[in-house]
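In what follows, chains are A, B, ... by sequence order, proteins preceding strands, each numbered from 1.
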Number of protein chains: 2
Amino acid sequence: MIEYSRQPHYLVAVDCIVFGFDGEHLKILLVKRGLEPEINKWSLMGGFVGADESPDDAANRVLKKMTGLEGVYLEQMQIYGEPGRDPIERTLSVGYFALIDIHKYEAQLNDDYEAEWFLINDRPKLIFDHNQMVTDARKKLRYKAALHPILFEMLPKKFTIPQLHILFEEVNDTKIDTRNFSRKITSTGLLIKLAEKDRTGSKKGAFYFKLDKKKYNANSQAFLNLMPNLKV
Amino acid sequence: MIEYSRQPHYLVAVDCIVFGFDGEHLKILLVKRGLEPEINKWSLMGGFVGADESPDDAANRVLKKMTGLEGVYLEQMQIYGEPGRDPIERTLSVGYFALIDIHKYEAQLNDDYEAEWFLINDRPKLIFDHNQMVTDARKKLRYKAALHPILFEMLPKKFTIPQLHILFEEVNDTKIDTRNFSRKITSTGLLIKLAEKDRTGSKKGAFYFKLDKKKYNANSQAFLNLMPNLKV
DNA sequence: ATTATTAATTGTCGTTTTGACAATTAATAA
DNA sequence: TTATTAATTGTCAAAACGACAATTAATAAT
């Protein structure tokens with residue numbers, strides 16, 4: 001039988017940086033690690049890639065298992081493969097970032113895992129190279145969101161322009177002129193204005209919008225230039 | 001001793017899509033595979049990730065070994081990890097794309113490996129999922145090159161605007177107005193005009209330019225909008 | 001009822017960028 | 001001297017950008 005003799009074999013894992021938005025701040029979802037080493041320390045959601053699944057499959061499985069959510073926005077980020085990154089045994093990990101509607105999650109929380117939302121800017125130290133993964137994910141989110149309409153993934157089906165505005169400011173850690181922002185976001189043609197208003201945040205109330213799914217699917221690869229004065 | 005018991009272990013490889021430009025067309029560098037299965041079939045340059053190196057290290061090592069070149073532009077693309085992608089044994093491969101100056105290569109060719117340049121649009125069938133890798137790499141190259149000044153990596157230190165123009169047209173598979181192109185590319189401020197002219201291509205001759213390394217290193221992450229009417 | 005208050009929404013306008021298109025220039029060959 | 005060829009510079013209207021202001025729709029206070 002043919003074989004690749006004498007080549008070393010490694011464990012392969014996936015780790016997910018799960019972003020959410022509570023209406024005010026950008027957050028990430030962390031779990032208490034369930035196995036040694038570093039048991040009970042905070043870490044990203046992760047798991048080993050099984051024999052019959054691809055890394056993408058594994059990431060989806062892990063997310064389903066730990067949050068109950070299916071079909072979430074998931075994007076491969078990069079591989080982390082320094083020889084010594086896991087102290088026990090060589091393990092390469094594929095980093096993914098996920099965007100979920102934080103409210104959807106709360107309803108389906110799987111209590112078997114100790115999971116908790118943390119402010120992106122006020123999170124505990126994480127195990128291994130997970131801190132670096134979060135930094136990288138945040139940078140990639142910022143990059144991608146400047147060009148493609150992906151931040152909708154973190155909002156409910158019905159959302160308002162002001163909500164979207166705050167989310168963009170959070171992700172980019174900067175102030176954006178509300179007047180120019182609303183003009184730019186509506187000019188994409190991706191939003192459908194609803195008759196209903198959200199009156200919780202102000203006296204006047206803000207109109208709800210929903211995503212034009214057809215145009216969104218057709219244009220999700222288009223370059224948009226959603227950030228003013230963009231420098232990365 | 002702590003261990004991750006009973007988790008499956010896999011081979012991990014790297015595969016490099018090496019792009020080059022001969023002045024007229026975009027090309028990729030392929031090698032004849034040196035081991036079973038599929039020995040002597042055309043494939044990407046690749047190799048297994050060794051025990052003491054990261055995937056990035058492995059990709060650089062493979063490139064050095066097969067082309068003699070060091071310090072080439074190398075970017076991690078994505079991981080290919082479908083369970084059945086290698087018929088012999090489960091192997092996950094990290095795809096990289098590389099941009100090299102085709103002339104530099106010719107001078108340092110390592111004849112131990114049967115390597116050959118192929119037109120990107122007229123290449124042989126490749127083993128495993130390498131055809132998909134090439135397709136993905138091409139798409140990513142196009143995407144990246146539209147926003148960042150990376151195509152210089154495929155040209156000699158001294159190059160002309162018309163050379164750059166043809167390269168952009170090749171990568172994007174489209175015609176670009178020469179007048180608007182030269183204005184846009186010079187307005188980036190990344191080019192330094194030299195006194196010398198290239199007279200091989202025309203009677204008038206075209207001025208040589210070189211890259212402003214300082215500005216290039218400082219701005220390599222900036223968004224530029226180098227393609228007109230950009231849709232991806 | 002009238003007014004003050006607050007946040008959402010629509011509006012203005014000069015500057016810059018874009019991209020379609022044409023004229024000029026610098027060299028060589030006839 | 002002229003024809004030829006490709007590089008380079010030029011023109012301009014339309015669109016996009018971004019700094020900044022006014023108006024509007026509601027509620028709360030008087």
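With DNA chain C read from its 5' end, the first of the two nearest nucleotides for G205(B) and K193(A) is the one closest to K193(A). Residue-to-nucleotide proximity on DNA chain D shows that, of N180(A) and A206(B), the 5′-proximal contact is made by A206(B). Mapping R179(A) and S202(A) onto DNA chain C by nearest heavy atom places S202(A) at the nucleotide closer to the 5' end.
Rounded to whole Å, atom P of dA26(D) lies 14 Å from atom NZ of K203(A). Remark: P of dA7(C) and CD of Q163(A) are 15 Å apart, rounded to the nearest angstrom. Here the P atom of nucleotide dT17(C) and the CD1 atom of I185(B) are 15 Å apart, to the nearest Å. For the pair F181(A) CZ and dG11(C) P, the computed distance is 19 Å after rounding to whole Å. A straight line from CG of D177(B) to P of dT8(D) spans 14 Å, rounded to a whole angstrom. For the pair K175(B) NZ and dA20(C) P, the interatomic distance rounds to 15 Å; values are reported in whole Å. Here the P atom of nucleotide dA8(C) and the CG atom of L164(A) are 13 Å apart, to the nearest Å. Rounded to whole Å, atom P of dT27(D) lies 13 Å from atom CG of D198(A).
Counting only heavy atoms from C-beta on, K197(B) has its side chain closest to dA26(C) among dA26(C), dA7(C), dT12(C).
Of the side-chain N and O atoms in K184(A), one or more sit less than 4.0 angstrom from OP1 or OP2 of dG18(D).
Residue contacts for R199(B): at a heavy-atom cut-off of 4.0 Å it reaches the sugar-phosphate backbone alone, with no base atom in range. Within 4.0 Å of S187(B), counting heavy atoms only, lies no atom of the nucleic acid at all.
Within 6.0 Å of NZ in K197(A) there are more than 12 heavy atoms belonging to other residues, nucleotides or ligands.
Evaluation of atom-type donor-acceptor distances gives no pair under 3.5 Å for the side chain of R183(A) against the base of dG11(C). In the interface, the side chain of K204(A) is paired with the base of dT24(D) through a donor and an acceptor atom under 3.5 Å apart.
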| request: Step by step, work out the side-chain contact (heavy atoms from CB on, under 4.5 Å) result for L44(A) and C16(A). | output: CA-CA 6 Å; L44(A) 296 170; C16(A) 302; over 6 Å; no
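Taking CG of D56(B) as the start and CD of E75(B) as the end, the distance is 10.5 Å to the nearest 0.5 Å. In this structure, CZ in F19(B) is found 12.0 Å from CD in E170(B), a value given to the nearest 0.5 Å. Distance CZ/F181(A) to CD1/I166(A): 10.0 Å, rounded to 0.5 Å.
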| request: Give the dot-bracket string for DNA chain C, reading 5' to 3', where a pair is Watson-Crick or G-U wobble with both distances under 3.5 Å, ( ) marks pairs inside the strand, [ ] marks pairs crossing earlier ones, | marks a partner on another strand, and . marks unpaired. | output: ||||||||||||||||||||||||||||||
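The only option from K215(A), K213(A), K210(A) that meets the side chain to side chain contact (heavy atoms under 4.5 Å, CB included) definition with I192(A) turns out to be K210(A).
Checked by atom type, the side-chain pair Y80(A)/D15(A) shows no donor-acceptor distance below 3.5 Å.
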